[in-house]
Colleague: 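Got a structure here, written out as structure tokens. Questions coming.
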Amino acid sequence: RQHMVPDTYSRLKDGRYLVRSLYFDTADFQAYTERNHGLFGRIKLRIRTYCDQAGESPVIVAEIKSKKGNLMEKYGSLVPYSRYLQFLQSNSWQSPADPVLNEFERLIRVRMLQPQLLVQYWREGYRCRQSSDLRITLDHNVHSARAKEVFPGDLLLKPHRPRYITLEIKTPARKEPAWLQALVRQHGLRIS
């Protein structure tokens with residue numbers, strides 16, 4: 001607490017905010033397998049939102065995450081909910097000027113990806129007092145279900161390790177402050 005403060009989203013939402021992500025994968029779950037084996041050069045595609053109902057025009061983000069060794073890169077584009085619904089039908093964002101959406105479409109075609117898994121949790125986020133580049137998140141109540149869309153009507157979420165919290169440290173490569181390096185060593189944390 002001496003080094004971190006709640007991030008903007010956590011402050012606005014009384015400490016925790018909902019995160020819901022629809023992950024794309026092959027029929028035999030190649031992306032999931034690559035992640036579990038820690039393979040170099042893996043890529044994840046997801047649609048993310050911050051609510052659990054369609055309601056009135058929820059924020060929708062199409063994201064591409066790539067991991068090469070310890071380096072993770074994430075690219076995203078905000079899309080209107082109506083365009084997300086069109087994408088579900090056609091696998092096309094119809095946004096020729098947006099490089100992230102174009103690459104998202106290309107990867108879906110080349111890798112033959114389909115929406116497979118919905119993951120939802122409550123996130124508690126913090127940012128470093130000295131640098132906005134460093135973030136730490138704690139994800140509570142992680143649940144998942146097989147799904148083909150972000151807001152399926154017949155959703156039955158299953159809990160993952162109900163008494164556990166997922167800790168993530170997000171920082172630019174090789175720019176971890178000394179206090180954070182000491183905590184990682186002290187607690188034996190590992191990079192995944």
Colleague: According to side chain to side chain donor-acceptor pair (under 3.5 Å), does anything in residues 148-165 pair up with another residue at least two apart or in another chain? List the pairs.
Modeller: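 Pairs touching residues 148-165 that pass the test: Ser144-His160.
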Colleague: Should Glu105 and Asn91 count as side-chain neighbours, where that means a heavy-atom distance under 4.5 Å?
Modeller: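 Of all side-chain heavy-atom pairs linking Asn91 with Glu105, none is under 4.5 Å.
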Colleague: What class does the angle between the rings of Trp93 and Phe87 fall in, given that below 30° is parallel, 30 to 60° is tilted and above 60° is perpendicular?
Modeller: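 Rings of Trp93 and Phe87: parallel, as their planes differ by under 30°.
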Colleague: Taking only residues two or more places apart in sequence or in another chain, which ones pass salt bridge (Lys or Arg N to Asp or Glu O under 4.0 Å) with Arg106?
Modeller: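 If we apply the salt bridge (Lys or Arg N to Asp or Glu O under 4.0 Å) test to Arg106, skipping adjacent residues, the hits are Glu103.
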Colleague: With heavy-atom distances below 4.5 Å as the criterion, would you say the side chains of Tyr17 and Asp7 are in contact?
Modeller: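 With C-beta onward as the side chain, the pair touches.
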Colleague: Using a strict 4.0 Å threshold on nitrogen-to-oxygen distance, state whether Lys65 and Glu63 make a salt bridge.
Modeller: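 Glu63 and Lys65: not salt-bridged.
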Colleague: Report the residue from Tyr121, Trp122, Tyr50 that forms a side chain to side chain contact (heavy atoms under 4.5 Å, CB included) with Leu18.
Modeller: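 Single pass found, and it is Trp122.
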Colleague: Under the side chain to side chain donor-acceptor pair (under 3.5 Å) rule, collect the residues that match up with Gln86, sequence neighbours excluded.
Modeller: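 Applying side chain to side chain donor-acceptor pair (under 3.5 Å) to Gln86 gives none.
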Colleague: I'd like to know if the side chain of Asn102 and the backbone of Pro96 have a donor-acceptor N/O pair within less than 3.5 Å.
Modeller: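 Flag set: sc Asn102 to bb Pro96 pair under 3.5 Å.
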Colleague: Just jot down the salt bridge (Lys or Arg N to Asp or Glu O under 4.0 Å) partners of Asp139, sequence neighbours excluded, or say none.
Modeller: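 Partners of Asp139 by the salt bridge (Lys or Arg N to Asp or Glu O under 4.0 Å) criterion, ordered by chain and then number, come out as Arg123.
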Colleague: When clusters are formed from ILVMFWY side-chain contacts under 4.5 Å, directly or step by step, what else is grouped with Val61?
Modeller: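 Joined to Val61, directly or through intermediates: Val59, Leu78.
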Colleague: Please identify each residue that fulfils side chain to side chain donor-acceptor pair (under 3.5 Å) with Arg83, with sequence neighbours left out.
Modeller: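 Partners of Arg83 by the side chain to side chain donor-acceptor pair (under 3.5 Å) criterion, ordered by chain and then number, come out as Ser95.
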Colleague: Ring pair (Phe, Tyr, Trp, His ring centres under 6.0 Å) for Tyr81 and Tyr84? Distances and angles first, verdict last.
Modeller: CA-CA 5 Å; Tyr81 184 62; Tyr84 156 75; 5.7 Å; yes
